[in-house]
Asker: 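I have a structure I would like to understand better, so I am pasting it below and will then ask my questions one at a time.
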Amino acid sequence: MNDKTIIETIDLTKVYGMGDASVAALDGVSIEVKAGEFLAIMGPSGSGKSTLMHILGCLSRPTSGQYILDGQDISNLSKKELALIRNQKLGFIFQAYNLLPRTTALRNVMMPLLYDHNHHISDEVGEQKALNMLELVGLADRTHHQPQELSGGQQQRVAIARALINDPVLIIADEPTGNLDSHSGHEILDLLRSLHQKGVTIVMVTHDPITAEYTQRVIHLADGKVDSIKHNGHKL
Amino acid sequence: MKLTEVIRIAWEAILKNKVRSFLTTLGIIIGVAAVIIMVAISAGTEATISEQITSLGSNLLFVQSSFSRAGPPGMGRSSGGLVYDDAAAIQEGVSGVKAVIVEQQATATIKAGSVTLENITVLGSTTEFPSVRDMDVAQGRYFNETENERKQKVAVLGSTLATELFGDANPIGQVITAETTKLTVIGVMAEKGTVGDVDYDSRLYVPIQVVFQKFTPSMFARIMGDSVRLLYVEMEDDANLEEVTTQIELLLAKRHDVSLDSLDFSVTSQQDIISTQESTTAAFRSLLAWVAGVSLIVGGIGIMNIMLVSVTERTREIGIRQAIGATPDDIRMQFLAEALLLSIVGGLIGMGAGMGGAILYGFLSDMRTVIVPGSILLAFGSAAIVGAFFGFYPANKAAQLDPIEALRYE
């Protein structure tokens with residue numbers, strides 16, 4: 001494992017509302033995530049874990065503090081620049097899979113390539129890349145199925161393949177097993193663990209302690225602050 | 001994002017809601033088709049009128065009496081307007097003139113055997129009438145110079161008139177009575193149709209001298225010559241219009257003893273009449289096109305409406321695309337492309353419907369239609385502009401969605 005820092009936040013705050021009605025969802029969060037880490041963020045609802053995930057995922061900007069992703073300070077980037085960062089450096093896995101309906105698995109996986117403004121990837125190359133990703137998640141035989149023809153676990157695998165296609169420096173997983181039965185849930189977590197073993201950095205938001213067991217390190221949030229950091233002990 | 005991808009995604013979105021997409025474009029389809037059909041009908045009308053005017057003969061000048069001065073015509077030496085002898089004077093004294101014909105009209109009740117027809121136009125003319133006015137004699141012959149000078153009681157029938165008076169029987173040699181004058185039929189004109197409000201086929205053609213003597217007698221005729229309403233001057237093919245006009249004006253002003261500032265007649269060319277006609281129909285045509293254009297705008301509002309619905313329905317899709325890296329410009333482009341594609345497809349269907357409709361209308365009705373290429377371009381171009389204009393607001397709305405809110409949207 002190298003020592004490169006992927007995520008560094010310094011005193012992040014996020015305040016919603018104005019004046020007396022303002023609520024601090026995040027209140028001075030400073031965390032650091034090294035390359036290749038598998039990290040869980042836990043906390044009860046209202047603890048600020050979703051807000052933190054949105055900032056880490058470049059979907060919103062902090063009110064104050066700094067967020068350095070892969071060596072780049074992105075605290076004050078424009079909407080467009082954030083979109084490009086999401087496209088180039090991040091992969092998302094959502095609780096509700098968020099695949100495009102009536103679109104084949106292959107097309108869903110290829111979608112991030114459409115918005116790759118830096119490289120022009122030909123259809124053939126993109127398709128091959130998407131096929132490789134679907135093979136990696138064990139869905140080589142489902143490439144032309146549409147989401148409604150796939151099980152929840154399979155849909156989440158498509159989403160993981162989509163998250164991986166742009167070779168992101170960081171995968172952000174928001175309750176990835178929340179909509180799955182425990183068997184499929186464990187399969188997805190095993191898949192994430194195997195990706196982690198290949199060197200992928202993963203930050204997973206969850207409220208489920210058993211799910212958090214799969215990770216190396218768990219950050220607990222409470223009232224917008226880091227409450228505790230627990231190491232799970234297993235070096236993977 | 002590649003343009004082909006943008007178009008592909010937009011096209012797929014349109015096909016996912018086929019019925020809705022079709023109904024949305026219906027406004028554009030009707031608008032474009034209406035513009036094309038309206039313009040085709042008015043252009044067809046214009047072409048018909050121009051052709052009719054030209055069919056009266058070519059290279060014509062119309063010299064008309066104008067009674068702008070006080071007193072009835074024929075009062076006083078110089079206020080009489082045109083007289084019969086002016087025709088011969090123009091023929092003699094103006095270069096570039098091929099023929100001059102004079103017309104004098106009257107209305108009469110005509111009888112032949114047991115048939116009586118009232119209010120028939122009796123047109124007195126000279127012998128060149130058929131050639132100058134581009135009319136043919138179908139049966140028998142037109143009267144000749146001698147018959148005109150000797151005021152012989154002969155008549156040529158318009159084709160409709162011949163049928164009404166004699167049915168299938170041969171009218172040549174028959175005698176008809178116009179008011180109290182008995183006329184021998186010597187010919188029947190070929191069918192000509194109606195030009196403007198004149199039905200050429202229901203008229204009776206007689207020597208002009210007969211009309212002067214029997215139908216429009218004037219007590220001043222002996223002193224001043226027979227007053228006439230209109231002279232038709234046919235010019236040589238290479239004659240200069242302005243030169244001939246000026247010569248006629250100078251000559252007649254001298255004959256009528258009036259100054260050039262207060263002529264008692266006016267000279268109009270056939271081209272003048274066509275231009276006047278054209279400017280009238282052009283104004284009418286652009287009015288029609290504007291009215292049709294309004295339906296294009298209504299169609300555009302329909303597109304905007306459905307695009308707003310589409311943006312709302314696909315909020316989550318927008319959120320997903322934003323999360324995986326679509327920039328606001330990417331999203332804006334996608335929805336703009338969809339609106340544009342809707343209006344362009346509508347425009348294309350409307351073009352087909354408009355051309356088909358114009359041809360069908362011309363085929364089914366008596367009116368002629370002429371498809372004007374400019375109107376197709378105009379209609380199609382407006383449709384595309386309307387799509388871009390009304391697509392912009394919904395597309396912008398989509399581009400400004402917050403990704404987190406959009407992802408939460410159920």
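Quantities reported herein were computed from a predicted structural model and do not represent experimental measurements. To find a chain, count down the sequence lines: A is the first, B the second, and so on, and within it residues start at 1. All values below come from the heavy atoms of this structure, side chains included, with hydrogens, waters and symmetry mates left out.
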Asker: Determine which donor-acceptor pairs between chain A and chain B fall under 3.5 Å and list them with their distances.
Answerer:
from    : atom 1 : to      : atom 2 : distance (Å)
R86(A)  : NE     : Q322(B) : O      : 2.8
R86(A)  : NH2    : Q322(B) : O      : 3.0
N87(A)  : ND2    : I324(B) : O      : 2.9
N98(A)  : OD1    : R316(B) : NE     : 3.0
N98(A)  : OD1    : R316(B) : NH2    : 2.8
Y115(A) : OH     : R321(B) : NH1    : 2.9
H117(A) : NE2    : D330(B) : OD1    : 3.3
H117(A) : NE2    : D330(B) : OD2    : 2.8

Asker: With only heavy atoms counted, which part of I85(A) is less than 4.5 Å from chain B, the side chain, the backbone, both or neither?
Answerer: neither

Asker: Write down the atom of A83(A), the atom of A326(B), and the distance for their closest heavy-atom approach.
Answerer: CB-O, 3.6 Å

Asker: Could you tell me which portion of I165(A) (side chain, backbone, both or neither) has an atom closer than 4.5 angstrom to a non-hydrogen atom of chain B?
Answerer: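 For I165(A), no heavy atom lies under 4.5 Å from chain B.
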
Asker: Of the non-hydrogen atoms in L99(A) and I320(B), which two are nearest, and what is the gap between them?
Answerer: O-CD1, 4.0 Å

Asker: Under the side-chain contact (heavy atoms from CB on, under 4.5 Å) test, which residues partner I349(B), sequence neighbours left out?
Answerer: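 Residues passing side-chain contact (heavy atoms from CB on, under 4.5 Å) with I349(B): I29(B), V345(B).
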
Asker: Measuring from L114(A):CG to I9(B):CD1, what's the distance to the nearest 0.5 Å?
Answerer: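 One gets 5.0 Å once the value is rounded to the nearest 0.5 Å.
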
Asker: Relative to chain A, which of A323(B), P403(B), G319(B) shows the most heavy atom pairs under 4.5 Å?
Answerer: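 Option with the top pair count is A323(B).
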
Asker: Should we say atom CE of M333(B) is surrounded by more than 12 heavy atoms from elsewhere, each under 6.0 Å from it?
Answerer: no

Asker: Using non-hydrogen atoms only, which part of P168(A) is less than 4.5 Å away from chain B: side chain, backbone, both, or neither?
Answerer: neither

